Structure formats: C-alpha cells, structure tokens
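Everything numeric in this text was worked out from a predicted model, so none of it was measured. Below, chains carry the letters A, B, ... as their sequence lines are ordered, and counting in each starts from 1.
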Amino acid sequence: MKSEVILHINGEQRSTVIRQADTLLVVLRHLELTGAKPGCLNGDCGACTVLVNDTPIKSCMMLAIETVGQEITTIEGLHDTAIQRAFVEQFAFQCGYCTPGFVMNAYALTTQKPDADEETIRKWLESNICRCTSYQEIEQAVRSVLVQKKR
Amino acid sequence: MIPFDVAYYRPSTIEEAVQLFSSLEAEGKRPLYYGGGTEFITLARLGRTFADAVIDLKSLPECRILSVTAHELTFGAALSLSTIEEANSFPLLTKAVREIADRTARNQITLGGNICGRIFYHEAVLPFLLADSRVVIAGKEGISEQSIHEVFEQYMRLSPSQFLVQVKIDAVYNKLPYVHTKRRQQGNTGYPLVTVAALKKDEKLRVAFSGVCPFPFRSLEVEERLNRKLPLDVRIANAIEALPSPVLDDIEGSANYRLFVLRHALLDVITALEGESA
Amino acid sequence: MIGKSVIRKEAWEKVTGKAKYTLDTVSSGTLHAKLVTSPYAHARIRDIRTEKAYAAPGVRAILTGEGLPLTGEDLRDRPPIAWEKVRYHGEVVAVVVADTLMQAEQAAQLISIIYEPLRVVGSPKEALAEGAPLLHENLATYQKGKYTYPEPGTNIAHRTKIRKGSMEKGWAESDVVVEASFSFSPSDHAAMETRCATAEIRADGTVVITASTQAPFMIKRLIGEYFGEEVGKVVVHTPFVGGAYGGKAPVQLELLAYLAAKAVGGRKVSVWNTREQDMVTSPVHIGMEATIKLGATKDGKITAAEMVFLFDGGAYSDKAIDVTRAAAADCTGPYHINNVWCDSLCVYTNHPYASPFRSFGHCEQAFAIERTIDMLAEKLQMDKLAIRERNAILPGNTTPTQVMLNKSNVGNLPACIARVRELIEWDEWQRIEINSRLVRAKGVSCSWKTSTIDTDASSGAIITFNTDGSINLITGVVEIGTGTKTVLAQILAEKLKMDINDIHVKMDIDTQTTPEHWKTVASRGTFMAGRAVLSAADDAIRQLKAIAACILRVSSEDLEVGYGNVFLRDDPSVYIPIKEIAYGYKYPNGNAIGGQIIGRGHYILRHLTPLDKETGAGKPGPEWTVCSHAVEVEFDKRDYTYRIIKAVSVIDIGKVLNEKAALGQVMGAMSMGLSFASRETFFFDRYERVLNAQFRTYRPLRFGEHPEYIADFVYTPQIDAPYGSRGVGEHGLIGMPAALANALSTAAQVPLNQLPLLPELIWRTKEGWFNDSV
Ligand SMILES: Cc1cc2nc3c(=O)[nH]c(=O)nc-3n(C[C@H](O)[C@H](O)[C@@H](O)COP(=O)(O)OP(=O)(O)OC[C@H]3O[C@@H](n4cnc5c(N)ncnc54)[C@H](O)[C@@H]3O)c2cc1C
Ligand code: FES
Ligand code: FES
C-alpha cells in the first residue's frame with residue numbers, strides 16, 4: 001500500500017513515495033533527515049521527537065501519512081537557536097544521541113511556554129531519556145534560555 | 001516498523017467513518033479505528049495487533065469537540081490528552097490525564113484511545129466512571145448515547161464497528177471536591193501500581209481504581225463499605241475485601257505490596273475528602 | 001588551555017542533528033538482517049525449518065549456527081548463533097537476510113523451530129548447587145586464554161583468588177566481626193543508540209565493517225582470529241557512538257554482520273538491534289550475589305576481610321571473566337587491610353550474558369563492601385566517615401594484589417573524605433526526623449579503581465600539518481560521549497602552545513588509517529592516548545626544529561616551537577612560521593627541503609602483570625583513582641518511598657583538563673549509578689525469561705527525578721600522566737549504589753542489602769515479607 005505524498009518539512013515541500021504503514025520517523029530518515037533517532041520505536045524514550053504543527057511528537061508513533069498538510073519541523077530545521085547554543089555552552093550532551101529529541105522538545109517548551117514553572121519544565125522534559133548526562137546540565141541549558149526570554 | 005501493509009483512511013463525517021468500516025469489512029479486510037495511533041503502532045510493530053486498514057477519527061468534528069456549557073461538559077474522543085490537560089475544564093480529569101505516559105506522548109494519545117485501547121489501565125476513564133458520564137457511540141446502527149456504566153465493564157464493550165465519539169458529564173461534577181493519586185513502582189513516570197480517583201457527591205464518596213485489578217473499575221459495593229459510619233481503617237479493610245477480583249501480582253509490584261499501597265492511597269484520599277467537608 | 005571548559009569539538013554537529021551514527025550511514029541498497037531469537041532460556045534445539053522463510057519475497061540468505069566456530073575473548077564458549085542448545089532467553093538462533101527490513105521480519109516469522117525445554121538455572125547460587133544442570137558440558141574442551149581458569153563439570157567459567165596475609169592472624173587480631181550477604185539481578189546498559197553493525201566484503205576480499213562499538217580494533221583482530229581472515233584485510237569504521245558504558249566493548253553483532261555479508265556474496269548487510277533485543281540478546285550489566293565478612297579491632301582498624309563474589313555471568317563468559325577478575329583485584333575497596341581472602345567467580349546461569357558496565361565490576365563489589373563497612377561502624381558505634389578514614393589506603397600500603405602504592409599511583413583518599421564531610425555537612429546531622437512520616441538521612445561510601453586491561457594494551461596518535469600551519473589530530477579513541485577527543489586536542493594545544501581552533505580532530509575511526517587504541521574503556525583514553533599525543537607532538541617538534549635549524553642556520557637545541565612559529569629561545573625575533581615549513585620549505589630560488597611534517601607517537605602501559613592463579617598477586621593497572629561519595633535522601637516511613645535530595649562525589653582527579661567535561665563525566669556517572677541502584681533490574685519469570693525488555697517497564701532515571709549533584713575534586717597528580725591527570729570516566733558511579741543503600745538503611749533503620757532499592761524492597765525488608773512468593 002504505497003502512495004506518493006508531499007510533506008512539508010522545515011519549510012520545504014518534499015515529495016516522496018511511502019508505505020501507508022510507515023511511521024514518520026522511518027520516512028524522515030529515508031529522506032536523509034537522520035537527526036531524529038530510533039531509540040525504542042515504542043514511544044518511551046523521545047529520541048525521535050520532532051514538531052508537528054509546533055507540537056512535540058514522537059515520530060516513531062505517528063504514521064507519516066497523517067502529517068500530510070501539516071508543518072513538520074525536525075532538528076535540521078533549527079539553525080543557531082538559543083536552545084542549541086545553551087546545550088553547547090552547558091555541555092548538555094555527551095554522546096549526543098538523545099540530543100536532537102531533547103533539543104526539539106526543549107525548543108518547543110522555551111518558545112511556547114516562556115513562563116514555564118518548575119512543574120511544567122519537569123512534565124515536558126520527562127518525556128525524553130538521556131543516559132549520559134545527569135539532566136542537571138540540560139536543566140541549566142533550558143533555564144538559561146527561559147531567563148533570556150523573560151528579559 | 002509495522003511489518004504488514006495498512007491502508008490509511010481519514011473520513012470527515014461519522015457516517016463516512018462507519019460506512020468505511022462496513023465496506024472494508026465487506027471486502028474481507030480487517031479495519032480498525034484509529035485515534036492517536038500510539039498503541040496501534042507500538043503493538044503492530046511487535047506483531048501483537050493486526051489491521052489492514054485504519055480509519056482515523058481525528059478529522060471528525062464531533063470527536064474534536066471540547067465544550068463547556070452551564071449544564072454539560074463534552075469531550076470529543078479524538079482530543080489529545082494534553083489538549084484536555086491544557087483546557088482544564090474538569091479538574092479531576094486534568095489530574096488523571098496528566099499522570100498518563102509523558103507529555104510528548106500525551107500530545108498524541110487520544111481520550112478515546114486511552115479508554116478504548118488494549119492497554120488495560122485506562123486511567124482516563126476513572127473520572128468519567130465517578131461522574132456517571134454518558135458516552136456517545138457511533139456504529140452501524142447509528143449514533144446512541146448511553147450511560148458509561150452500561151458500556152464500560154472492565155473495558156469498553158464496543159462491537160468492532162462501533163467507536164466512541166464523545167464523553168459527556170453534567171456540569172455539577174466539575175465543581176465537586178475530588179482527589180486523585182497515582183502511585184508507581186518508583187519515580188514520576190510509568191504505569192500505575194495503584195491509581196485512585198475519588199469524588200464526593202451528596203456527602204458520599206465515589207471511588208474508582210486502576211492498577212489494582214487487571215482492569216479499572218468503580219464498585220458500588222466498595223463505595224458502600226467506604227461510606228459506612230465506621231472507623232476509617234475498618235472501612236478500608238472492608239472495602240478491600242470487596243474488590244472485584246484478586247489484586248494484580250506482576251512486575252510492577254506483588255499483590256501484597258499493592259494492597260499495602262492501596263490501603264494508604266485510600267487512607268490519604270478519604271482523609272483529604274472527608275477533611276474537606278469538615 | 002589545560003583545565004578550561006573548551007567547547008567540545010563536535011558540539012555543533014551534535015546539537016544540529018548532523019552528527020552521524022552507525023545507522024545513519026546505512027545506504028540504500030544495503031540488505032537487512034533480522035535476528036530470530038529464542039523464547040526459552042534453556043532448551044535443546046530439536047529442529048529448525050527454514051524452507052518457508054527462504055521462499056518469502058526478498059530473502060537472500062538464512063543463517064543458522066551450524067559449523068560456526070566458538071567465540072569469546074577469554075574463553076571460547078559462545079557460538080555466534082546458537083547451535084543444538086539455547087542458553088538464554090533472547091539468544092540468536094537464526095539470522096534472516098532480505099532486501100528490506102520488513103521482508104526480513106516477515107520471513108523471520110516463517111521460520112519454525114522446535115525446542116525441548118531444559119531445566120533452568122536462575123542464579124549463581126542455583127548454578128553452584130549440587131545437581132544443577134550444566135550449561136556447558138564441554139567446558140573442558142573449550143579453547144581458553146592462559147590466565148582463565150574454568151572448572152569443568154561445574155558452572156564456573158572462571159575463579160579469581162586473592163590471598164594476602166594470614167586470615168588466622170587477621171581474625172585473631174579482631175575484636176568484632178560482621179558478616180552480610182548481598183544480591184542483585186542482571187540489568188542493562190541501555191545506551192540510547194542500540195547496538196548495530198554493517199558489513200560487506202569487497203571483491204578483493206577486504207572485509208569492511210561499520211559498527212557502534214568501543215572496540216573497533218578488537219573487532220578487526222577477532223574477525224581475523226575466529227574466521228581466518230587476514231587481519232590487514234579487515235577494516236572497521238566507527239562513527240559517533242550513541243552511548244556505550246561498557247556495553248559496546250564486547251564483539252557480537254559485528255560477527256553476525258560479517259557472516260551475513262559472507263552468505264550473500266559480500267553484499268553490504270545491516271544488523272540492528274531493536275530495543276527489546278538490545279536489552280536481552282546483546283550483553284547486559286552483570287548480576288551478583290556476595291558474602292562479606294570483616295573483622296576489626298575495637299578502635300575500627302579492619303584486620304581481616306573475607307569475601308565471596310558470585311557473579312551472574314549469564315550464559316556465556318565473554319567479557320564477564322575480566323569483570324569478575326577486576327572486582328577481585330580491588331576487592332577491599334580503598335582500604336588498607338593486611339589479611340584478605342577473596343574468591344570471585346564468574347558463574348554460568350541461564351540469563352543474558354554479561355559484559356562490562358561502567359566501572360567494570362566495581363560499583364557491584366563496592367555495594368557489598370561499603371554496606372558491610374557501615375554495618376561494622378554501627379556495631380562499633382563509630383562515625384561512618386571516621387572508620388573509612390581510619391582504614392584509608394595510603395602510599396606505602398599494598399593493594400589486595402600486593403602492589404606497593406606510592407604518591408603517584410594512588411590518590412589522596414583522606415582528602416576526598418574530608419571534602420565530602422564538608423559538602424554533605426556530615427557533622428551537622430546524619431538522620432533527622434522532619435515530621436512523623438518524613439526523615440532525612442545521609443549515606444556515605446568510598447571507592448577506588450584501577451583499570452584491569454591487557455598488559456600489552458597500547459595507544460597511538462598521528463598528527464599531520466595543513467598548509468596553514470593548523471594540525472589534524474588522529475587517534476584511535478572512539479567518541480562515545482566522553483569528550484576525550486576534545487581533551488586530547490587541548491593536551492596538544494597546550495604542548496604546542498597553539499590555538500585550540502587550529503587543531504582539527506578526526507572524530508571517526510577507520511582502523512586502516514587510525515592508529516590503534518586498544519579499546520575505549522576503563523577511563524584510560526585520556527591517559528594512554530594523551531601520552532601518545534604528547535609523544536607525537538615531540539616527534540613533530542623534533543622535525544620542525546630540524547628543518548627550522550637548517551633554514552635559520554642555528555642549532556636545533558636553541559629552538560622552541562609555539563604560537564605558530566619555530567623561534568630562537570633567547571631571541572624570538574628570529575623565527576620561521578610553522579606554515580612555511582609544515583609542507584617543506586621552499587627557498588627563494590625554488591629549491592626545497594623537508595616535506596609534510598607527520599608526528600607519530602604511541603604509549604604502552606608499563607610493568608603490568610597477570611594475577612597469580614593462587615594468590616592473585618600481580619599488577620593489574622597503572623594507578624588507582626580514589627573517591628568518596630555521599631547521598632542524602634528524604635524517606636517516607638509510612639509509604640517506604642523516597643526522594644534523592646543530593647548526591648556528592650569527590651574524586652582525586654590529579655588535574656582537571658577540561659572542567660565542564662570532567663564534571664559532566666562525573667555527574668553523568670553518578671546519575672547512572674543512582675538510576676541502577678534505585679530502579680534498574682530485569683525481572684525474570686520462573687522460566688528465566690526477561691519480562692521487562694522495554695523502556696515502558698525498564699525505567700531509567702528521567703528528568704526531574706534527578707537530585708542536586710555536587711562533584712568536586714582533589715588534586716594529587718599522577719606523575720606519569722599527561723599533566724598529572726587521572727581517569728575519572730567511571731568513578732562517579734562506583735560508590736553511588738552503596739551510598740544510596742547506606743542512606744536508606746539509615747533512614748529506614750533496617751539493613752538494605754539488595755538492589756534495586758525499590759520502595760517495595762524496603763517495605764519487604766522492613767515488614768519481613770521475605771517469604772512472599774514474588
Ligand atoms: C508511552 C506510553 C505510556 C503509556 N502509559 C500509560 C499510563 O500510564 N496509563 C494508562 O492508562 N495508559 C498508558 N498508556 C496507554 C495509552 O493511554 C493507550 O494505549 C493509548 O495510547 C491509546 O491512545 P491512542 O489514541 O494513541 O490509540 P490508538 O493507538 O489510536 O488506538 C488504540 C486502540 O483503541 C481503539 N480506539 C481508539 N480511539 C477509539 C475510539 N474513539 N473509539 C473506539 N475505539 C478507539 C483503536 O481501535 C485501537 O484498538 C501509555 C501508552 C504509551 C504509548
Ligand atoms: S524512538 Fe520514538 S520514543 Fe523512542
Ligand atoms: S547525551 Fe548520550 S543519551 Fe543523552
């Protein structure tokens with residue numbers, strides 16, 4: 001069951017042939033957008049997080065065909081954003097495998113909830129697993145961006 | 001990776017959705033209604049579920065309604081849990097859904113999917129059981145509205161061609177005192193060891209559970225025992241004797257431990273609610 | 001340069017998602033393999049039928065275990081694909097290769113296998129019990145390393161013995177004795193990138209492998225040894241690795257990828273673990289049962305230590321043998337004890353097989369030792385930090401394997417303890433009741449570690465120059481997340497007094513062009529590769545000076561290299577820029593001398609010796625890093641739940657090379673240790689099948705569950721290390737399980753000697769539910 005679809009990814013239109021049963025993660029990676037990572041394919045780890053209409057979504061749990069007509073943003077669509085700079089400066093990554101997913105989620109959080117309180121930060125960011133860092137570095141990165149936004 | 005082919009349909013009316021189901025079935029296919037897709041995709045990947053066609057309910061306007069009137073609150077079955085959470089129109093429901101899965105997953109998981117899916121916790125149903133809600137169901141026979149108690153008995157008793165359109169509660173319920181607690185094996189995310197939701201209406205406690213038995217439930221027998229005029233620990237012990245099935249004993253926790261946790265969860269919930277009336 | 005928090009070289013690659021990991025490099029046209037795994041933990045394979053699967057669309061090959069050589073690093077006990085018998089749930093029984101992953105998966109379902117279940121062995125104690133089923137009947141015939149001692153007719157793959165001093169004397173000198181037993185089940189590394197590999201065989205027979213591994217050079221060597229490939233014709237590539245923690249030190253999927261490629265005429269095949277497979281099919285974090293007995297004088301001097309470690313090595317020994325040996329080598333913890341008796345066994349069970357886990361056997365044994373020391377302190381009514389201070393190992397003491405310590409090869413433990421005492425405010429209080437339910441309590445521990453690695457392990461480095469005078473740095477250390485490659489660039493920049501931005505680091509490994517670094521394990525990357533880099537820099541400096549001496553007409557002894565120039569030491573105005581000589585020097589008349597400057601260097605650890613079979617005497621590693629740790633918890637006495645409030649580690653690091661990178665390593669390790677200790681375990685059913693091979697039910701620590709981390713350092717230089725720096729990649733982890741268990745034992749007022757410390761465990765221990773069936 002294949003179809004040709006046009007997906008709106010990072011402001012571009014990408015035409016591609018997909019199986020209707022393909023998840024968004026699989027399709028993005030076939031399009032050589034390999035920033036979103038497979039970590040569990042089960043919705044548990046967040047390594048595959050992208051934005052669909054600005055909402056963080058685990059791309060392993062959504063069919064690509066559902067996103068036709070919607071705006072998809074992947075890590076490849078972020079350029080020199082405050083959250084990326086903060087991740088770099090705070091050493092909020094080590095192996096980097098969870099990083100694209102974490103950055104996408106944190107990007108959505110910091111842009112959409114500039115007033116996020118502790119509880120909101122926790123609720124959002126507990127969606128992703130990082131096995132290398134202590135999370136304290138990630139917390140500092142996110143807080144530093146929120147502080148900038150508030151200024 | 002779903003190791004079989006699936007055709008994807010996105011009807012825009014209820015009639016079309018039901019119609020699609022029938023015609024696909026007539027073609028010998030195995031269609032399935034589709035909400036957030038999170039459960040379908042993760043089970044399909046492991047070969048634990050199968051469908052050759054999915055009918056996405058997310059474009060049905062009726063399923064996306066979230067309305068609050070003076071008399072009634074209506075929740076569309078295709079609303080995501082985080083939408084419900086942000087709207088916060090029924091605080092007990094907000095509290096219940098906020099503890100399911102994680103925030104990103106809740107952006108996708110739908111109310112209908114949580115209530116009608118196969119993963120047996122169905123934590124979002126607890127507030128609706130307590131609020132004597134009504135469910136709107138669509139199927140070959142048309143659209144009907146019934147009490148949730150007629151349809152939800154351990155799980156949603158729908159025929160394959162039926163789907164949940166909406167859940168409605170009387171507006172009075174979102175003003176009542178409530179308590180919700182979810183206790184896990186460890187930490188802030190994960191399936192429940194014990195979840196207890198409670199409301200107080202007309203000076204009576206209503207209590208519903210998930211994680212205690214292999215299905216969520218509200219039991220009038222349990223409630224009756226909890227409302228007796230006896231010391232609290234006696235009421236709790238009596239109530240536990242009336243649980244509708246043996247307590248779960250699995251990797252989340254042993255049966256004995258669950259009972260221990262349940263006792264304290266009940267203690268806390270009831271103390272909080274009875275304290276409030278005092 | 002040294003000590004600065006230089007931004008990691010690959011930082012922007014990683015935060016933009018451009019960094020490539022193994023699976024990101026799989027090109028279209030690659031064939032895909034699906035692993036068919038065993039649903040039984042122990043069974044005879046009666047029959048494997050593959051005809052139907054062969055007929056499925058897209059299938060190119062189906063591999064079974066028939067005729068394959070046995071593999072294993074210390075003891076060859078493992079067929080790459082099970083044959084005749086499966087020994088753990090999740091073991092590979094067949095590999096299906098097809099055009100697409102979906103076709104491979106579909107075909108895999110058509111393979112029918114008939115098993116005859118056998119009695120299972122579910123723990124080391126069961127394995128050692130009289131009449132236990134033998135996992136390896138042919139143990140006696142397996143090929144083994146010279147220092148591996150399997151015990152045929154039993155389930156013991158290896159035994160390490162430590163015999164130091166006289167136990168008789170030790171017990172005689174002691175006034176009190178404590179003894180306790182400890183246990184935990186296997187768990188997982190759970191690196192976010194699951195293990196994967198691709199292989200192809202080129203027309204000329206070159207085997208090209210790309211793998212997510214900590215040991216690319218070991219893959220090359222083993223494929224040579226196991227399958228008779230010419231070692232020079234095996235080329236291994238390793239791009240970025242998405243977390244490893246020891247779990248990517250063993251060689252497993254690479255062998256399957258190689259075999260699969262061979263079966264399809266050399267075409268490229270990708271083998272990739274799903275999360276579920278990664279958790280059980282590939283090697284796991286070892287389990288353990290242990291008994292510790294300590295004797296001490298009234299004033300707290302430990303006079304005797306007797307310990308038995310029964311490690312749950314799982315179905316195959318592989319790297320577990322080494323892990324159990326390392327645990328034994330440092331068995332006392334960082335304490336000076338004159339009389340030591342230790343048996344550390346690598347035991348076969350029907351569990352997934354084990355591999356190193358960050359800290360290599362140390363967080364496991366430290367849990368047992370440090371809990372026992374707390375119990376000893378309680379019995380003696382002594383302060384728990386004071387008893388550790390009293391027994392702290394010092395220069396002039398000997399280790400359990402009888403190595404004499406000096407000021408360089410061991411750090412300053414008393415200083416670490418003193419700092420922890422301050423940071424956790426130990427003297428203020430150790431247990432306080434906040435209200436009728438909540439209590440806060442602190443727990444402490446100490447740890448140490450040397451790296452037990454092969455005595456001939458070496459590391460090499462190459463530096464080449466570019467025409468603008470900038471440098472390319474090439475080493476064999478894999479970038480698994482530790483930031484070592486950036487630290488190496490800092491070492492080089494310091495040495496050559498140049499801008500760190502002018503040092504270009506080759507991030508990926510290609511065993512054909514990258515000099516060998518034994519394995520990226522054991523926190524030894526900075527030390528060994530750092531020494532190699534310094535030696536390569538010396539080599540380049542020598543060459544630069546030689547050519548500059550010729551051009552400047554001075555003696556090369558009078559020259560210095562730095563700031564992009566070669567200049568006269570006493571008159572820097574006489575100089576030549578490096579960029580003018582890095583590719584040879586051209587005189588105004590067109591004559592030229594020299595050529596591209598290529599610096600090369602290497603380092604091999606010196607004077608390491610294997611441990612003696614009977615006494616354990618020997619030198620396992622170059623130095624011992626010491627640390628002290630503390631954890632503060634808030635415990636609910638009614639519910640047995642708790643929050644970890646604060647975690648502290650103080651490590652004698654020698655010298656900090658990159659501050660934020662070092663802190664990140666320590667805190668990340670602490671996080672992993674707390675996660676393991678507080679929640680991670682496999683749950684087995686009575687057939688020894690793993691019930692929770694998913695993150696849904698195997699739940700590592702998440703954001704928001706983390707305590708406040710405090711990492712701090714003490715600085716006792718290791719004289720022979722680059723700038724005196726000691727390895728710290730694992731040390732933050734070692735004492736965490738023990739410190740958490742000590743804090744909770746104090747809080748709950750009951751000895752907690754099992755892991756993970758789930759509230760249910762505390763409840764069960766406290767309320768005496770041990771006979772519970774679960
Ligand atoms: C990461 C993760 C964590 C989870 N943790 C929890 C938890 O803590 N507590 C808990 O209670 N649950 C938990 N779940 C289960 C979860 O709530 C359900 O599985 C939910 O995911 C299904 O929602 P969905 O909209 O994605 O369903 P889908 O995958 O779309 O559908 C699931 C099933 O429900 C049926 N269905 C969907 N919508 C309707 C409808 N309107 N009418 C009739 N049938 C319908 C589908 O046919 C299908 O059989 C978790 C799930 C995930 C992925
Ligand atoms: S890969 Fe999607 S959540 Fe883990
Ligand atoms: S940086 Fe390695 S998993 Fe987060």
Side-chain angles (χ1 to χ4, degrees), chain B residues 1-6 38-39 41-48 50 98-105 109 119-121 181-194 211 233 246-269 271, chain C residues 32 34 100-109 272 274-277 437 636 638-644 674-675 677-685 690-706 756-764 766-767 769 771-774:
Chain B
M1 162 80 51
I2 298 179
F4 48 82
D5 279 330
V6 180
T38 64
E39 182 178 300
I41 292 174
T42 53
L43 293 182
R45 162 180 100 78
L46 300 171
R48 297 209 208 126
F50 175 79
R98 267 171 80 77
E99 299 300 323
I100 294 170
D102 59 63
R103 169 76 194 201
T104 307
I109 294 174
I119 296 175
F120 66 77
Y121 299 104
T181 181
K182 177 169 180 173
R183 314 244 157 133
R184 301 177 176 87
Q185 179 187 66
Q186 180 77 297
N188 300 333
T189 62
Y191 289 144
L193 195 54
V194 168
D233 51 341
V247 171
L248 269 173
D249 190 346
D250 63 14
I251 59 170
E252 298 295 338
S254 66
N256 279 326
Y257 180 62
R258 268 199 167 84
L259 278 172
F260 167 81
V261 174
L262 175 61
R263 272 195 289 274
H264 287 134
L266 278 172
L267 189 75
D268 292 346
V269 163
T271 310
Chain C
H32 293 265
K34 174 73 190 172
T100 67
L101 189 52
M102 185 169 94
Q103 288 171 332
E105 281 191 22
Q106 285 174 334
Q109 287 172 12
W272 170 77
T274 60
R275 175 58 57 189
E276 290 80 357
Q277 278 173 345
R437 270 173 66 177
D636 182 333
R638 191 198 75 178
D639 286 352
Y640 302 103
T641 52
Y642 61 92
R643 266 186 329 127
I644 306 173
L674 290 176
S675 186
S678 64
R679 61 193 66 216
E680 292 183 40
T681 183
F682 283 132
F683 294 106
F684 294 93
D685 68 6
V690 175
L691 297 174
N692 60 330
Q694 285 192 330
F695 285 140
R696 193 78 59 86
T697 40
Y698 184 106
R699 294 185 283 260
L701 207 73
R702 286 186 186 246
F703 187 99
E705 292 165 349
H706 60 291
L757 294 152
L758 296 174
E760 175 164 2
L761 172 80
I762 308 175
W763 168 79
R764 231 192 282 179
K766 189 83 181 170
E767 306 212 345
W769 273 106
N771 299 328
D772 200 4
S773 63
V774 184

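Listed by chain and number, the residues in a ring-ring contact (aromatic ring centres under 6.0 Å, His included) with C/F683 amount to none (sequence neighbours excluded).
Of the possible donor and acceptor atoms, none in the side chain of C/E760 sits under 3.5 Å from a partner among the backbone N and O of B/Q185.
The salt bridge (charged side-chain N to carboxylate O under 4.0 Å, His left out) analysis of residues 255-266 of chain B, with sequence neighbours excluded, yields the pairs B/D250-B/R258.
Neither the backbone nor the side chain of C/F695 has a heavy atom closer than 4.5 Å to any heavy atom of chain B. Looking at C/S678, both its backbone and its side chain come within 4.5 Å of chain B, counting heavy atoms on both sides. Residue contact with chain B, scored on non-hydrogen atoms closer than 4.5 Å, is absent for C/L701. Using a 4.5 Å cut-off between heavy atoms, B/L193 makes no contact with chain C at all. Using a 4.5 Å cut-off between heavy atoms, C/R638 touches chain B through backbone and side chain atoms alike.
Per-residue heavy-atom pair counts under 4.5 Å with chain B were compared for C/E105, C/M102, C/R699, and the maximum is reached by C/R699. Across C/T697, C/N692, C/T274, the residue that shares the most heavy-atom pairs under 4.5 angstrom with chain B is C/T697. The residue among C/Q103, C/R696, C/R702 with the most heavy atom pairs within less than 4.5 Å of chain B is C/R696.
In this structure, CD in C/E767 is found 10.0 Å from OH in B/Y257, a value given to the nearest 0.5 Å.
Between B/Q186 and C/L757, the closest heavy-atom pair is NE2-O, 3.4 Å.
No side-chain heavy atom of C/H32 sits under 4.5 Å from any side-chain heavy atom of B/M1. Put simply, the side chain of C/Q694 reaches to within 4.5 Å of the side chain of B/L46, judged on heavy atoms. You'll find the side chain of B/N256 reaches within 4.5 Å of the side chain of C/W763, heavy atoms only. Side-chain contact check for C/T641 versus B/H264: every heavy-atom pair is 4.5 Å or farther apart. Side-chain atoms of B/R183 and C/D639, non-hydrogen and from C-beta on, do get closer than 4.5 Å to each other.
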